[in-house]
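These values consider heavy atoms only, across backbone and side chains, with no hydrogens, waters or symmetry-generated copies. Residues take their numbers from the sequence shown, with the count starting at 1.
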Amino acid sequence: MSDPVGKLPSELDQLPDRDTEETAEWAASLDAVAQAAGTRRAEYLLRRTLQHAEAAGLALPKLLETDYVNTIPTAAEPEFPGDEAMEARITAWNRWNAAAMVTRGSKYGVGGHIATFASAAWLYETGFQHFFRGKEADGSGDQLYIQGHASPGIYARAFLDGRISEQQLDNFRQESGGNGLPSYPHPRRLPWLWEFPTVSMGLGPLSAIYQARFNRYLQNRNIKDTANSHVWAFLGDGEMDEPESTAALALASREQLDNLTFVINCNLQRLDGPVRANFRVVQELEAQFRGAGWNVIKTLWGSAWDELFQLDTTGALVRRLREVPDAQFQTYATRDVAYIRQHFFGANAELVQLAGVLSDAKIAECFHTSRGGHEPRKVYAAYKAALEHKGAPTVILAQTVKGYTLGAGFESKNANHQMKKLTIDEFKSMRDKLGLPIPDSAFEGGQVPYGHPGANSPEVQYLNERRAALGGPAPARKVKQVALPAPADRSFAPLIKGSGKQEMATTMAFVRLVKDLMRDKETGKRWVPIVPDEARTFGMESLFPSAGIYSPLGQTYEPVDRDQLMYYKEAKDGQILNEGITEAGAMADFIAACTSYATHGEPMIPFYIFYSMFGWQRTADQMWQLADQLGKGFIVGATAGRTTLTGEGLQHADGHSHLIASTNPASLNYDPAFAYEIAVIVKDGLRRMYGEQPEDVFYYLTVYNEPKVQPAMPEGVEEGILKGLYRFNQASDLENAPAADAAKIQLMASGTAIHWILEAQALLAADWNVAADVWSATSWGELRRDALECDEALLRGEVRTPYVTRALEGAAGPVLAVSDWMRQVPDQISQWVEQDYTSLGTDGFGLSDTREGARRHFGVDAQSIVVAALAQLARRGEVPASAVKEARERYGL
């Protein structure tokens, strides 16, 4: 018989019922409850039964949504260990100074955010007083991802503990003078305070997950004991709309990262208005996190609500809270009690009866300000429960009022994110509400004063005692430089001497080099290979059995290729991070590894290899995050260029990543042509990033999948390789060299294009009696960086000649630059080349074709280069104009 209309088959329909009578009795009992006590009672019993089953560990689907109440009831809250009155005074000073610094800065037009910290103050203060471990204790301390818009509150706290001066507060968002404070958490601008840049919203939560995961990686590989390090990520409910915010939730639960806690400040408002105007963001987030396997703690209502819930004997209040959309609840927070009585409690007779025993003051307190995120006891209970929960990460959904304590003009208003200052009268009202001893005379001249109880005050002593007990100030970034010894030269020797007659792509050359470096006794274990599910594409499968793929569970199955030499091996102490199809996740892993030298005092050497098209284009925001965080490591864009990846076409054809990479000041970008160039660049990169005087830079290398014979390194080219340009050969070196009086031209190329100009060099000599020297441009970007530094020096009165100008000095004829990139890439250096300069490149969209077909299409193959060279010489009158037409016809162009 077919199923009734509207009834979908269930997995239970496919399981045999071992006792149909018992099943029928359970169903009848539920029907009886519904008939006798109502459907609401039946729903309640079912939910309680499912909750009990979950707590008992029964393998049932979890409830994705619970009632709109606190997870931890008041009666179950642990004893609060601190001095509440003292901590309230400390928080009051921080609230005041956070608002004062932004308001004082507003006269300079630099802006700032007041309302975010005002709502989240207790979320931070409770952590600072009781939970966040500092860097001076054993281990690495905790890692704190601070919500960027709350930075004024963190600066205010650092002012209270003496780490920031009043002058610095006054220079908030005014850094050019050298004594200012950056707008948001920014390690590169304030490296002693901030560890993690968090204002490109969405990157903070993603990075926090991978940081917690990398902590476990270090632990499982016996590199650093991170057992006591906890990652705390403070986020806004609006920020959770960013796709990166929730992209790795399943990873965190899958790997049981109970060393991670998300604290989401649910003030129900984003920048322009309600986060979920017609819905309930807390319930949505709960379902999302519970569905992903997280432990969810809701801290929604303050203690003023206790009386209301006790009076709610029918569940009418709880049901009403679940049905009111966020935007309406925000309206309740700004309206008078009469409005709340009519529009909230007037929904049904049960609520009218409940409201009848409530005073106006009680209703106003509950709906205007009483939220769980504003009460340290409730926040403490949530944090303690999060740390005690094992086997899964925890998210705390803490409800607050945006703009809390700033006055009625701020609290819960849609525009409060854009409101940058308070009036003097509003500050006086705030002072009275917070109970701060600031006299009216302090406001003379119309300037709001900063407040400080004194360096020896009970407040500062209490604050310092609490931080000392927890391991020192927080947040804080402390770097203990550990120089790594240089690897032995034998690792680089095979690439230096070339491949003989064997063809080898530069991708394979890089992988072979790293494989040898990973065997180094001193530093081999510090290499962290990272790849987003393309290891076999890049020839890295040989690393699987030797290095192992990291998995906290090890290998719980027998791999299908176990009988093969290069089988898929997972291990708890595996070295490779094979992240699946997630460039964003791989990049977050890379950032955690790149900054391990600072976070954990353990320098790691990560290399992240990927299809070059899917690196800078897809995750450039994270590349900037990497630079902000002072990360060190090797980013490797494989299958590089617009014409080398045969058949893949437009979506895989990268001709622009070097242009994007050139915008990042911390990125050293190289496009090596030969294996020996890779060896020289990597060796020097290890010195610059991990040597005795480490630099805060990272490397972007592009490598190709086109097999070519790799020559041995010529003598004396190391400096040119690192600076970006050297002469690879001269026309006079050719077997059939052109005549001495032949027209001359300089051919310059990077990456795989070196092979096209070498072929063009031979054609120019044999067919046209043109003498072309060949130059390898390993880095257009480094040539430009050097030239820009020379230009800046000129403004200071120092006369310096750019390296590219000096390298080409005396080179006869014009210069023709060629690459597998857009012409803008080689054109970066044109203004510093004294010779006539032109370029060829792969501008436009990519296409599917053979390498030869694609290169002819873009006009960068050897024959096209010959025609372009002849045209350049013809314009100078050094070859007949007819030669250009003849060449086009000869080569079928």
Side-chain angles (χ1 to χ4, degrees), residues 29-52 63-77 266 268 274 276-287 290 296-373 375 378 397-399 401 412:
S29 298
L30 184 63
D31 291 341
V33 171
Q35 185 175 2
T39 57
R40 292 172 180 171
R41 178 60 180 169
E43 292 169 0
Y44 176 82
L45 288 176
L46 273 178
R47 292 169 68 85
R48 291 303 295 265
T49 300
L50 286 172
Q51 288 176 342
H52 180 79
L63 282 172
L64 294 186
E65 184 181 326
T66 61
D67 286 329
Y68 202 54
V69 297
N70 294 348
T71 302
I72 305 171
T74 301
E77 290 171 6
C266 298
L268 312 185
R276 291 290 181 272
N278 297 295
F279 305 92
R280 288 157 298 283
V281 71
V282 169
Q283 300 299 88
E284 179 182 315
L285 290 172
E286 178 186 28
R290 287 176 69 87
V296 178
I297 299 173
K298 292 196 288 191
T299 302
L300 308 179
W301 309 113
S303 55
W305 284 82
D306 289 348
E307 179 183 349
L308 276 68
F309 289 126
Q310 290 169 2
L311 294 171
D312 182 31
T313 57
T314 65
L317 175 62
V318 172
R319 289 192 296 274
R320 180 69 175 136
L321 289 173
R322 288 189 65 191
E323 68 188 21
V324 174
D326 287 351
Q328 184 61 50
F329 203 87
Q330 293 297 82
T331 300
Y332 295 146
T334 63
R335 297 299 180 88
D336 59 27
V337 172
Y339 181 92
I340 299 170
R341 287 186 183 276
Q342 177 184 353
H343 292 277
F344 181 85
F345 291 101
N348 59 61
E350 293 170 310
L351 290 174
V352 170
Q353 182 179 3
L354 185 152
V357 300
L358 297 174
S359 67
D360 284 358
K362 171 61 71 174
I363 291 175
E365 180 184 9
C366 287
F367 283 81
H368 291 170
T369 59
S370 183
R371 304 291 186 273
E375 297 191 11
K378 296 192 179 299
L397 304 175
Q399 192 154 286
V401 173
S412 296

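- Judged by distance alone, with hydrogens and angles left aside, the side-chain atoms of Asp360 form no donor-acceptor pair with the main-chain N or O of Val337 at under 3.5 Å.
- The backbone N or O of Cys366 lies less than 3.5 Å from no partner atom in the side chain of Trp301, so there is not a single donor-acceptor pair.
- A search for salt bridge (charged side-chain N to carboxylate O under 4.0 Å, His left out) contacts involving Glu350 returns Arg40, Arg319, not counting sequence neighbours.
- Classification of the Trp305-Phe367 ring pair by plane angle, with boundaries at 30° and 60°, yields tilted.
- Distance OH/Tyr44 to CG/Asp67: 8.5 Å, rounded to 0.5 Å.
- Atom CG in Leu311 sits 11.0 Å away from atom CG in Asp306 (nearest 0.5 Å).
- The backbone N or O of Arg322 sits less than 3.5 Å from a side-chain atom of Arg280, completing a donor-acceptor pair.
- At a threshold of 4.5 Å between non-hydrogen side-chain atoms, the residues Gln328 and Thr331 count as touching.
- Around the CD atom of Glu323, the shell of radius 6.0 Å holds more than 12 heavy atoms that belong to other residues, nucleotides or ligands.
- The distance from atom CG of Leu46 to atom CZ of Arg41, rounded to the nearest 0.5 Å, is 11.0 Å.
- The backbone N or O of Ala338 lies less than 3.5 Å from no partner atom in the side chain of His343, so there is not a single donor-acceptor pair.
- Annotation for Leu354 and Leu308: closest pair CD1-O, 4.0 Å, computed over non-hydrogen atoms.
- Remark: Thr66 pairs with Arg47, Gln51, Glu286, Arg290, Lys298 by the side chain to side chain contact (heavy atoms under 4.5 Å, CB included) rule, at least two apart or across chains.
- Of the possible donor and acceptor atoms, one in the side chain of Arg341 sits under 3.5 Å from a partner among the backbone N and O of Ala355.
- In this structure, CG on Leu358 lies 5.5 Å from CZ on Phe345, to the nearest 0.5 angstrom.
- Looking at Asp336, its side chain does come within 3.5 Å of a backbone N or O of Tyr339 through a donor-acceptor pair.
- Of all heavy-atom pairs spanning Ala277 and Pro325, the tightest one is O-CB, 3.4 Å.
- Ring-plane geometry between Tyr332 and Phe329 is classed as perpendicular, the angle between the planes exceeding 60 degrees on a 0 to 90 degree scale with a lower cut at 30.
- Of all heavy-atom pairs spanning Lys378 and Glu77, the tightest one is NZ-OE2, 2.5 Å.
- Contact of the Ile72 side chain with the Thr299 side chain is not registered, since no non-hydrogen atoms from C-beta on lie closer than 4.5 Å.
- Closest non-hydrogen pair, Ala316 versus Asn348, comes out as CB-OD1, 4.3 Å.
- When all heavy atoms of Arg335 and Ile340 are compared, the pair lying nearest together is O-CD1, 4.0 Å.
- Of all heavy-atom pairs spanning Leu351 and Phe344, the tightest one is CD1-O, 3.8 Å.
- Residues Val282 and Arg276 form no side-chain contact, since every pair of their non-hydrogen atoms from C-beta on lies 4.5 Å or further apart.
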